[in-house]
Colleague: 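Next up is a structure, given as structure tokens.
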Amino acid sequence: MLGWPCPLKALTGIPCPTCFLTRATVAALRGNLSESVQLHAFGPIVAVALIAWCFTAISQRRLIPRGMPAWPLGVGAVVLFAYWLMRLIISYGLGFRGAPGFP
């Protein structure tokens, strides 16, 4: 496996809320939406958010753009946590592998 392994999974054996999110985002940016959603449902959402962030940052010539509301981060964190709990129940409770469970 390339890169750093997930510290939570290394310590507990349970994937963290963002496990597979980097791979899913890369797949979405490459245009492979089916693979992206199979890895993590937030992959396409993060890809669109990154593109929007880049365009806004470049147009404002600032790394952290002005005028971007903070509330979407809070809502996103709550939804990400709920999605993680659902994936844990489906994967480890019901024994289902693949979308929407962990691969």
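Residue numbers count from 1 along this sequence.
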Colleague: Do Trp71 and Ile64 belong together in a cluster built from hydrophobic side chains that touch within less than 4.5 Å?
Modeller: no
Colleague: In Å, rounded to the nearest 0.5 Å, how long is the span from CG of Leu85 to CD1 of Ile90?
Modeller: 11.0 Å
Colleague: Indicate the atoms forming the closest heavy-atom contact of Phe102 with Pro15, along with that distance.
Modeller: CE2-CB, 3.6 Å
Colleague: Can you establish whether the number of heavy atoms outside Tyr92 located under 6.0 Å from its atom OH is more than 12?
Modeller: yes
Colleague: Let me check something: do Tyr83 and Val75 share a hydrophobic cluster, defined by ILVMFWY side-chain heavy atoms less than 4.5 Å apart, either directly or through other members?
Modeller: yes
Colleague: Between Cys16 and Lys9, does a side-chain contact (heavy atoms from CB on, under 4.5 Å) hold up when you go through it step by step?
Modeller: CA-CA 7 Å; Cys16 75; Lys9 188 170 182 179; over 6 Å; no
Colleague: Taking the side chain as every heavy atom from C-beta outward, state whether Leu29 and Ile51 have any atom pair closer than 4.5 Å.
Modeller: yes
Colleague: Can you name the closest pair of heavy atoms from Pro44 and Ser36 and give their distance?
Modeller: CD-OG, 3.2 Å
Colleague: Are Leu50 and Phe20 linked, directly or through intermediate hydrophobic residues, by side-chain heavy-atom contacts shorter than 4.5 Å (ILVMFWY only)?
Modeller: no
Colleague: What's the separation between atom CG in Asn32 and atom CG in Leu39, rounded to the nearest 0.5 Å?
Modeller: 9.0 Å
Colleague: Look at atom CG of Leu94 and say whether more than 12 heavy atoms of other residues, nucleotides or ligands are closer to it than 6.0 Å.
Modeller: yes
Colleague: Look at the aromatic rings of Phe81 and Trp84 and report parallel, tilted or perpendicular, splitting at 30° and 60°.
Modeller: tilted
Colleague: Between Gly43 and Leu21, which heavy-atom pair has the shortest distance, and what is it?
Modeller: N-CD1, 3.7 Å
Colleague: Test Leu80 against His40 for side-chain contact (heavy atoms from CB on, under 4.5 Å), laying out the working first.
Modeller: CA-CA 10 Å; Leu80 178 65; His40 200 291; 3.6 Å; yes
Colleague: Would Arg23 pass as a cation-pi partner of Phe42, given that its NZ or CZ must be under 6.0 Å from the six-membered ring centre and within 45 degrees of the axis?
Modeller: no
Colleague: Consider only side-chain heavy atoms of I, L, V, M, F, W and Y, link residues closer than 4.5 Å, and tell whether Val46 and Met86 are in one cluster.
Modeller: yes
Colleague: Could you list all the side-chain hydrogen bond (donor to acceptor under 3.5 Å, both in side chains) pairs where at least one residue sits in residues 52-67, not counting sequence neighbours?
Modeller: none
Colleague: Could you tell me whether a side-chain N or O of Thr25 sits under 3.5 Å from a main-chain N or O of Ala47, the two making a donor and an acceptor?
Modeller: no
Colleague: How far apart are the closest heavy atoms of Cys6 and Cys19, and which atoms are they?
Modeller: SG-SG, 3.5 Å
